[in-house]
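To find a chain, count down the sequence lines: A is the first, B the second, and so on, and within it residues start at 1.
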There are 2 protein chains.
Amino acid sequence: MKDASCTPATCAPPAKREPLPLGDEEQELADLAKAIAHPARVRILKVLSERNACVCGDIVLEIPLAQSTVSQHLKQLRDAGLIQGEIDGPRVCYCIDPAKLKRLKVLIAGL
Amino acid sequence: MKDASCTPATCAPPAKREPLPLGDEEQELADLAKAIAHPARVRILKVLSERNACVCGDIVLEIPLAQSTVSQHLKQLRDAGLIQGEIDGPRVCYCIDPAKLKRLKVLIAGL
DNA sequence: GTCTTTCATCGTAATAAAACGATGCGCTGT
DNA sequence: ACAGCGCATCGTTTTATTACGATGAAAGAC
């Protein structure tokens, strides 16, 4: 099974312009990718997705890490905008932000 | 525009089982995500994709970083399997590995 | 052969990420 | 009010990432 070997012939012409300073869209995708660049965070998203709704703090039960560590990962996902938390009495309910997740999918698909 | 607010009511039942030890697929996605979790690497993929073929070492010209740094980023993409390099005389031609990129897209889409 | 070009790698310094236990803060029961 | 639960944050250590200049190795030109 021969996959895309890149022969010099297939090479495209070099650039003429300056190296643009790493645009916003590149940064956006990089940030979103970084948010899921850890198996624990992938697991969190998967859990939030399987239980189609939030699933409060027993996300911790799904992940073989200390509570404080899981909380940190949740924060990263929250900072990236991929999930959001809603305070419900003593607990906090998390759920996926579908718009942001969609945005990630679009950016990835555009590669 | 009200987006997915997660009320406690929507919360799914808790888990019964043990915290599984962070599976292979989660790790795979995390690794691929990490590979693109930097704007320079996103840019590299974009360049390799726009010039539909390899574009050898003048990737460096497209990125406002030192040559050695770009080479490091290329290595990370190579280690992740997203790109591959082919030696062509004094230069090296890089191109996207479509299968691996597809794999990334599938995993992301599955979120 | 030597010189040059092209890229990778080494060595290093600065910054960020990951993990944990301990602490703190806001609720909800009693 | 007080105790307990649920979760976030603090403080710390360890490890990884990012970046650069300098050095090296391989191929082509002379």
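For B:Q76, the side-chain contact (heavy atoms from CB on, under 4.5 Å) partners at least two apart in sequence or on another chain are B:R41, B:H73. For B:S68, the side-chain contact (heavy atoms from CB on, under 4.5 Å) criterion is met by B:A66, not counting sequence neighbours. With sequence neighbours excluded, the residues that form a side-chain contact (heavy atoms from CB on, under 4.5 Å) with B:K100 are B:L32, B:L82, B:D97. By the side chain to side chain donor-acceptor pair (under 3.5 Å) test, B:E28 is found to be paired with B:R103, residues two or more places apart in sequence or in another chain being considered. Listed by chain and residue number, nothing satisfies the salt bridge (charged side-chain N to carboxylate O under 4.0 Å, His left out) test with B:K105 (two or more places apart in sequence, or in another chain). Judged as a side-chain contact (heavy atoms from CB on, under 4.5 Å), and not counting sequence neighbours, the contacts of A:K46 are A:E50, B:E26. Applying the salt bridge (charged side-chain N to carboxylate O under 4.0 Å, His left out) test to B:D31 and every residue at least two apart in sequence or in another chain returns nothing.
Looking only at side-chain heavy atoms (C-beta outward), A:L107 and B:V42 stay at 4.5 Å or farther from each other. Here the side chains of B:I63 and B:V47 are not in contact, with every heavy-atom distance at 4.5 Å or above.
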- Step by step, work out the side-chain contact (heavy atoms from CB on, under 4.5 Å) result for A:L29 and A:L111. CA-CA 10 Å; A:L29 175 50; A:L111 286 179; 4.2 Å; yes
- Task: Could you run through nucleotides 12-28 of chain C and give me one letter per nucleotide, 5' to 3': B if any protein heavy atom sits under 4.0 Å from the base, S if only the sugar-phosphate is that close, - if neither?
- Result: -----SSBBBB----SS
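Read 5' to 3', the first and last nucleotides of DNA chain D with an atom closer than 4.0 Å to a heavy atom of chain B are D:dT17 to D:dG28.
Note that the two end axes of the helix from C:dG1-D:dC30 to C:dT30-D:dA1 enclose an angle of 20°, each drawn from 5 base pairs, rounded to 10 degrees.
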